[in-house]
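Step one of this worksheet: look at the structure below.
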Amino acid sequence: MNKKIFSGVQPTGNLHLGNYLGAIKNFVELNNDKNNKCIFCVVDLHAITTKQDPLELKKNIRETVATFLASGIDPKKSIIFNQSMVSAHSEAAWILSCVSKIGWLNRMTQFKEKAGKDKEKASIGLYSYPVLMAADILLYDSSHVPVGDDQKQHLELCRDIAQKFNNDFNAPQFLKVPEPLIKKEFSRIMSLKDGLKKMSKSDPSDLSRINLTDDNDQIVNKIKKAKTDPMPMPESSKDLSKRPEAENLLGIYSSVTNNTLEKSIIEFQGKNFSEFKERLAEVLVEKILPISKEIKKLLNDSKYLDDIMLDGSNKAGIIATKKIKEIKLLVGF
Ligand code: AMP
Ligand code: TRP
C-alpha cells in the first residue's frame, strides 16, 4: 500500500538522541521506501507556543532542516518545509479548533506537564497546540504519522477531531483518519541522569542527553557519567524491572545497533557496567559523529537550507491550499 507520511519536529534547539531514535531514524527508513510519499515539517508555529528568541528561532529552524538532511532524508524524495510558510496550517487550525471540545483538550498530559503549576500563565497557543498538530496532519490526507511515544495522545485527539469534522459537516471520509506509527520498542528514550524522566531538549542539565551536535569527547563523557545502579549487568529482561537506567542504556544500545533487547542482554551478561559503557559510547560515536559533522557543515550554507525550505513549502503549499479550499467550502465560507 502507498503510505502518505507526515511528521513534524519543533525547532526549539538541542535536538537529541531521543528525537533521533524515537522519530528521525524512522523518517529516514520511510523516506527510503519508494512506495511512500513523505512530508517532514519543521513546526515553527508550534515552537512559539513557548517564548522564543527570534534570532535563536531562525537558527534553530535551519538547524532542524540540517539535521533532517544530515540524518539521511533526501529532499528529492521527501518534502521538507517549515510550517509558517504555508498559511493553510494556521487557517485549518482555527477551523478545527471550532469543532474540538475543551473537554478533549483538558485531558492532554503534555499541556499539563509543560504548563506546570501555574496554568493561568501558559499561552493559549500551548493549550491549543494539539489542534494545530491535527491541522498539519489532516491537510495532507496523511495515512501514517511516525512519532515517539510521547505524541500518542495527540494523535488520538487528531483522529477524534477528523471524525468530528466529518460528522459535523456530513462529509464521511473527507478528512482522512491517520494511523500512528510508533515503534513498539525504544520509542521513549529516557534521560541519562534519571531513568524515569524523558530525555528532553529543555532539561537544564546537558549531561542528561546526547545532542546530535555533540563531538566525540562529549559523547564519551556523557556515557561515562550516565547514571547506573550498583548491580551487575542483567542476565535476562526480567532482571530489568525496577532498573530503569540499565533498561534505558541497553535500549539505546539495541536501537543504535538494530538489535533486540534480548540479544544485547546476552552480549553483556556477566560483564561489568564500565565495559558495556565503553562499547555503548563507541557505537554512539560511530552513529552520531557523522551526523554531527554533517550538520555543522550544512549550517555554513544557510542559502542552501533556505532554498530547500522554499522549494518544500511551494510543494506542500499546493497540496494544503487545495485542501483548505475544500474545508472552507464545507464550512459554508
Ligand atoms: P519535539 O522535539 O518535541 O518536536 O519532538 C520531535 C519528535 O521526537 C517527536 O516525534 C517526539 O515524539 C520524538 N521524541 C522527543 N523526545 C523523545 C524521547 N525522549 N524519546 C523518544 N522520542 C522522542
Ligand atoms: N507535537 C510534535 C512534537 O512535539 C510535533 C508535531 C507538530 C508533529 N505537528 C506534527 C508530529 C504533526 C507529527 C505530525 O513532537
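Bear in mind the structure is a predicted one, so any value in this text is a computation, not a measurement. Atoms within a ligand are numbered from 1 in the order they appear, just like the ligands themselves. Numbering starts at 1 and runs along the sequence shown.
Under the 4.0 Å criterion applied to side-chain N and carboxylate O atoms, Lys328 and Glu91 are assigned as salt-bridge partners. Between Glu326 and Lys322 there is a salt bridge, with a side-chain nitrogen of the basic residue lying less than 4.0 Å from a carboxylate oxygen of the acidic one. Ion pair Lys164/Asp160 not flagged as a salt bridge, since none of the NZ, NE, NH1 or NH2 atoms sits closer than 4.0 Å to an Asp/Glu carboxylate oxygen. Lys193 and Glu245 are not joined by a salt bridge, as no carboxylate oxygen comes within less than 4.0 angstrom of a charged side-chain nitrogen. With salt bridges taken as basic N to acidic carboxylate O contacts below 4.0 Å, none links Glu56 and Lys51.
For Lys222, the NZ atom is densely surrounded, since the number of other residues' heavy atoms within 6.0 Å is greater than 12.
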Enumerate the pairs of nitrogen or oxygen atoms, one from ligand 1 and one from the protein, separated by less than 3.5 angstrom; state names and distance to 0.1 Å.
unit_1, atom_1, unit_2, atom_2, d
ligand 1, 2 (O), Asn19, ND2, 3.1
ligand 1, 2 (O), Lys201, NZ, 2.6
ligand 1, 4 (O), Gln10, N, 2.9
ligand 1, 5 (O), Asn19, ND2, 3.4
ligand 1, 8 (O), Asn19, ND2, 3.1
ligand 1, 10 (O), Gly148, N, 3.1
ligand 1, 12 (O), Gly148, N, 2.9
ligand 1, 12 (O), Asp150, OD1, 2.4
ligand 1, 19 (N), Ile189, O, 2.8
ligand 1, 19 (N), Met199, O, 3.0
ligand 1, 20 (N), Ile189, N, 2.8
ligand 1, 22 (N), Gly18, O, 3.2

Could you list each nitrogen or oxygen of ligand 2 that sits under 3.5 Å from a protein nitrogen or oxygen, with the atom names and the distance?
unit_1, atom_1, unit_2, atom_2, d
ligand 2, 1 (N), Tyr129, OH, 2.7
ligand 2, 1 (N), Gln151, OE1, 3.1
ligand 2, 4 (O), Gln10, NE2, 3.2
ligand 2, 4 (O), Tyr129, OH, 2.7
ligand 2, 4 (O), Gln151, NE2, 3.4
ligand 2, 9 (N), Asp136, OD2, 2.7
ligand 2, 15 (O), Gln151, NE2, 3.4

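Counting only heavy atoms from C-beta outward, the side chains of Phe6 and Phe40 never approach each other to under 4.5 Å.
Under the 6.0 Å distance and 45° angle rule, Lys323 counts as a cation-pi partner of Phe174.
Between Phe81 and His89, the ring center distance clears the sub-6.0 Å criterion.
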